[in-house]
K.L.:
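So that we are looking at the same thing, I have put the structure below in structure tokens.
The first residue in the sequence is number 1, and the count goes up from there.
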Amino acid sequence: MKKILLMTLLLHMVSFAQAVPQKDLKEYCQLIDDAIAHSSDYIAAHEQRIGEARRALALETTPTGKYQRNFRLYELYKPFVSDSAMYFLHQCIALADETGDASAAVRCRSLLAIRCANTGMYDEALNILDSIATRPSPLTIDTLALGTYYEAYNNVYSELAYYTHLDDMRQNYQERADHYEQLMLQTMPRTYETCFLRREQRAQGEGRLDESMAINDEWLHTVQPGSHPYALVALYRYIEYKMLGDNDQMIHWLVESVLADIRNGVMDQGSMWEMANELMLRGEIDKASSYISFTSDCANRYGSRQRNWQIAPLLTTIAKNYKAQSERNTAQLRTALVVISVLALLLLGVLLFLHRRNRQLDTARQALKTSNDELATANGQLAEQTQELSTLNAQLSTLNSQLSESNRVKEEYIGRFMSLCSQYIDKLDNYRKMVNKKMKNKELEELFQLSKSTELKEKELEELYQNFDSVFLHLFPNFVNDFNALLQPEMQVSPREDNRLTTEIRIFALIRLGIEDSSKIAEFLHYSVNTIYNYRARIKNGAIDNRGRFEARVKELGSWGRF
């Protein structure tokens with residue numbers, strides 16, 4: 001499982017460094033379906049990490065060590081199971097109080113309030129934060145704890161402002177959320193995840209999309225591709241492109257977020273239900289239903305009332321669309337039944353008509369029999385003409401034999417081409433196995449040196465040219481002599497080895513095969529276009545006569561071997 005996750009991470013790092021690939025919706029859905037099919041493996045890998053952390057906690061003896069182990073378990077459970085995350089935060093709070101670590105106690109209580117708010121327990125969250133105010137003064141705790149305290153208040157009031165239906169309360173909650181947001185941004189580092197998030201949300205809300213995209217770019221460079229934090233950055237990048245109206249980019253980044261959530265075993269998913277909504281708007285009802293069911297199961301496992309509140313309206317909409325689609329299908333079925341009934345009646349009429357026509361055909365057959373007797377006499381006369389045609393048939397037989405031989409030779413060349421393709425596939429697979437083995441053995445320096453070397457490329461090019469020369473001379477055994485016959489004696493070219501061509505002859509061999517464009521010749525021979533042009537010009541200047549028709553005469557050279 002660890003190998004699978006490592007390979008997934010490496011693939012994401014490569015794709016991140018390159019341009020964003022363009023896929024259609026079907027390809028994106030296939031990626032998501034594959035990830036969902038392996039979701040049990042990803043969840044098992046996450047549970048294995050949790051198990052290792054629990055065993056480490058059981059072996060810890062010091063209060064400080066126990067605090068760190070419990071906090072690690074909180075981080076692992078945070079996107080996985082809400083109740084368990086809260087449980088380990090409670091353990092951290094008890095240990096912080098026991099050791100007298102005021103900063104740790106404030107930070108863990110603030111994180112607990114955030115957990116409560118994110119699962120819809122707003123009263124509990126405010127009670128926890130109000131209890132912090134009676135504890136040590138903010139001046140006695142570190143900036144991380146103080147910033148988390150402000151973040152928690154901002155989170156609670158932002159949630160209340162979003163979900164309340166009372167305008168005056170919404171304004172009150174939003175003002176408080178803005179106040180604590182400013183305090184948090186003044187206290188926490190700019191590179192803290194929540195600071196990135198709030199700054200980007202603020203820029204989006206005020207219509208400063210260039211600035212919000214710049215913030216997202218900066219944020220994106222601080223996370224590891226394919227990680228759980230990467231899923232959140234990708235989700236907000238999707239929102240950026242959605243606001244810009246860039247459909248291709250927005251779907252790409254939404255899928256990136258969905259895949260990161262699934263592959264990290266995340267149960268608190270925000271991007272999957274957004275993906276289901278996008279598919280529903282595009283008329284992909286079945287896919288939307290499948291994805292919303294998956295994320296609903298994850299939300300139930302996570303234990304988030306808030307996420308279920310978000311999913312419920314979409315489930316209702318999908319159900320309505322299913323009903324509408326079912327009604328349309330029923331109407332279409334009724335129409336089809338009417339059409340089938342009409343066609344059945346028409347078929348019955350056709351059968352009656354055919355029966356009548358068959359009787360008429362019997363009469364016609366009798367008339368044809370008489371005509372056939374008359375034709376028999378005419379056939380006797382044609383027999384003489386058939387004798388004359390036999391001579392022509394013999395000639396055609398000879399041509400057919402030649403064509404059969406031609407087809408056999410073509411089959412031989414096709415077989416050779418398929419063999420070469422198979423050899424290249426085997427070479428690529430062996431190279432893949434070698435790279436896989438070296439990666440497994442962590443021989444990265446050797447891999448790096450291999451990737452720098454051009455020896456493999458030069459060897460394969462030499463083999464390609466050797467095969468090309470062999471096949472071409474098999475097709476045109478007299479080509480070299482006929483080619484030199486068109487040139488002046490001092491310009492004639494002779495290969496240094498049997499069954500091999502020089503570069504000059506190889507260029508005109510390609511022209512003989514119909515490849516005249518210098519750029520295509522240069523691409524095949526791995527020379528520059530100017531070099532190919534110079535070779536062609538120099539050879540044509542050495543033509544015995546009429547250099548303008550030299551290449552046209554080259555195309556007429558040679559005879560096909562064996563026929």
K.L.:
Do Tyr291 and Phe294 have ring centres separated by under 6.0 Å?
P.N.:
no
K.L.:
If I compare all heavy atoms of Ala113 with all of Val156, which pair ends up nearest, and what's the gap?
P.N.:
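Taking every non-hydrogen atom into account, O-CG2, 4.4 Å.
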K.L.:
Under 6.0 Å between ring centres, would you say that holds for Phe88 and Tyr77?
P.N.:
yes
K.L.:
Any carboxylate oxygen within less than 4.0 angstrom of a Lys/Arg side-chain nitrogen, looking at Glu274 and Lys242?
P.N.:
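Looking at Glu274 and Lys242, the cut-off is met.
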K.L.:
Among all residues two or more places apart in sequence or in another chain, which pass the ring-ring contact (aromatic ring centres under 6.0 Å, His included) test with Tyr238?
P.N.:
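None.
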K.L.:
Name the atoms and distances for all side-chain donor-acceptor pairs under 3.5 Å in residues 188-205, with sequence neighbours left out.
P.N.:
{"residue": "Thr194", "atom": "OG1", "partner": "Glu151", "partner atom": "OE2", "Å": "2.7"}
{"residue": "Arg198", "atom": "NE", "partner": "Asn154", "partner atom": "OD1", "Å": "2.4"}
{"residue": "Arg198", "atom": "NH2", "partner": "Asn154", "partner atom": "OD1", "Å": "2.9"}
{"residue": "Arg199", "atom": "NH1", "partner": "Arg190", "partner atom": "O", "Å": "3.3"}
{"residue": "Glu200", "atom": "OE1", "partner": "Asn216", "partner atom": "ND2", "Å": "3.2"}
{"residue": "Glu200", "atom": "OE2", "partner": "Asn216", "partner atom": "ND2", "Å": "3.1"}
{"residue": "Gln201", "atom": "NE2", "partner": "Tyr236", "partner atom": "OH", "Å": "2.6"}
{"residue": "Arg202", "atom": "NE", "partner": "Glu181", "partner atom": "OE2", "Å": "3.2"}
{"residue": "Arg202", "atom": "NH2", "partner": "Asp178", "partner atom": "OD1", "Å": "3.0"}
{"residue": "Arg202", "atom": "NH2", "partner": "Glu181", "partner atom": "OE1", "Å": "3.4"}
{"residue": "Arg202", "atom": "NH2", "partner": "Glu181", "partner atom": "OE2", "Å": "3.0"}
{"residue": "Gln204", "atom": "NE2", "partner": "Glu240", "partner atom": "OE2", "Å": "3.0"}

K.L.:
If we ignore hydrogens and angles and just use 3.5 Å, is the side chain of Ser289 paired with the main-chain N or O of Ile285 as donor and acceptor?
P.N.:
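Between the backbone of Ile285 and the side chain of Ser289 there is no qualifying donor-acceptor contact (under 3.5 Å).
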K.L.:
Any ion pair linking Arg208 and Glu211 (charged N to carboxylate O, less than 4.0 Å)?
P.N.:
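Here Glu211 pairs with Arg208 in a salt bridge, since their nearest N and O are under 4.0 Å apart.
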K.L.:
For Lys66 and Leu95, which heavy atoms make the closest approach, and how far apart are they?
P.N.:
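The answer is C-CD1, 3.6 Å.
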K.L.:
So with a 6.0 Å cut-off around CG of Asp210, is the heavy-atom count from everything else above 12?
P.N.:
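Result for CG/Asp210: open.
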K.L.:
Do the side chains of Arg69 and Glu60 get close enough for a salt bridge, i.e. N-O under 4.0 angstrom?
P.N.:
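Glu60 and Arg69: salt-bridged.
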K.L.:
Of all heavy-atom pairs between Phe71 and Cys92, which one has the smallest distance, and what is that distance?
P.N.:
N-SG, 3.3 Å
K.L.:
Counting only heavy atoms not in Glu523 (residues, nucleotides, ligands), do more than 12 fall under 6.0 Å from its CD?
P.N.:
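No, because the 6.0 Å sphere around CD of Glu523 holds 12 heavy atoms or fewer from other groups.
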K.L.:
Is it true that Asp130 and Tyr153 share a donor-acceptor pair across their side chains at a distance under 3.5 Å?
P.N.:
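Tyr153 vs Asp130: donor-acceptor pair found between side chains.
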K.L.:
Would one find more than 12 heavy atoms of other residues, nucleotides or ligands at under 6.0 Å from atom OH of Tyr87?
P.N.:
no
K.L.:
Below 4.0 angstrom, N of the basic side chain to O of the carboxylate: do Asp33 and Lys287 qualify?
P.N.:
yes
K.L.:
Identify, with sequence neighbours excluded, every residue that meets salt bridge (Lys or Arg N to Asp or Glu O under 4.0 Å) alongside Arg237.
P.N.:
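Per chain and number, Arg237 pairs via salt bridge (Lys or Arg N to Asp or Glu O under 4.0 Å) with Asp217.
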K.L.:
Tell me, with the steps shown, if Ile43 and Glu47 meet side chain to side chain contact (heavy atoms under 4.5 Å, CB included).
P.N.:
CA-CA 6 Å; Ile43 293 171; Glu47 289 175 337; 3.8 Å; yes
K.L.:
If we count only N and O atoms by modelled type, under 3.5 Å, do the side chains of Glu256 and Tyr230 hold a donor and an acceptor together?
P.N.:
yes
K.L.:
Does either side chain, that of Arg176 or that of His179, offer a donor lying less than 3.5 Å from an acceptor on the other one?
P.N.:
no
K.L.:
Please check if atom CD in Gln171 has more than 12 non-hydrogen atoms from other residues, nucleotides or ligands closer than 6.0 Å.
P.N.:
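Atom CD in Gln171 is not packed in, count stays at 12 or less.
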K.L.:
As a test of understanding, state which of Ser110, Cys108, Ser103 forms a side-chain contact (heavy atoms from CB on, under 4.5 Å) with Val106.
P.N.:
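The residue from Ser110, Cys108, Ser103 that satisfies side-chain contact (heavy atoms from CB on, under 4.5 Å) with Val106 turns out to be Ser110.
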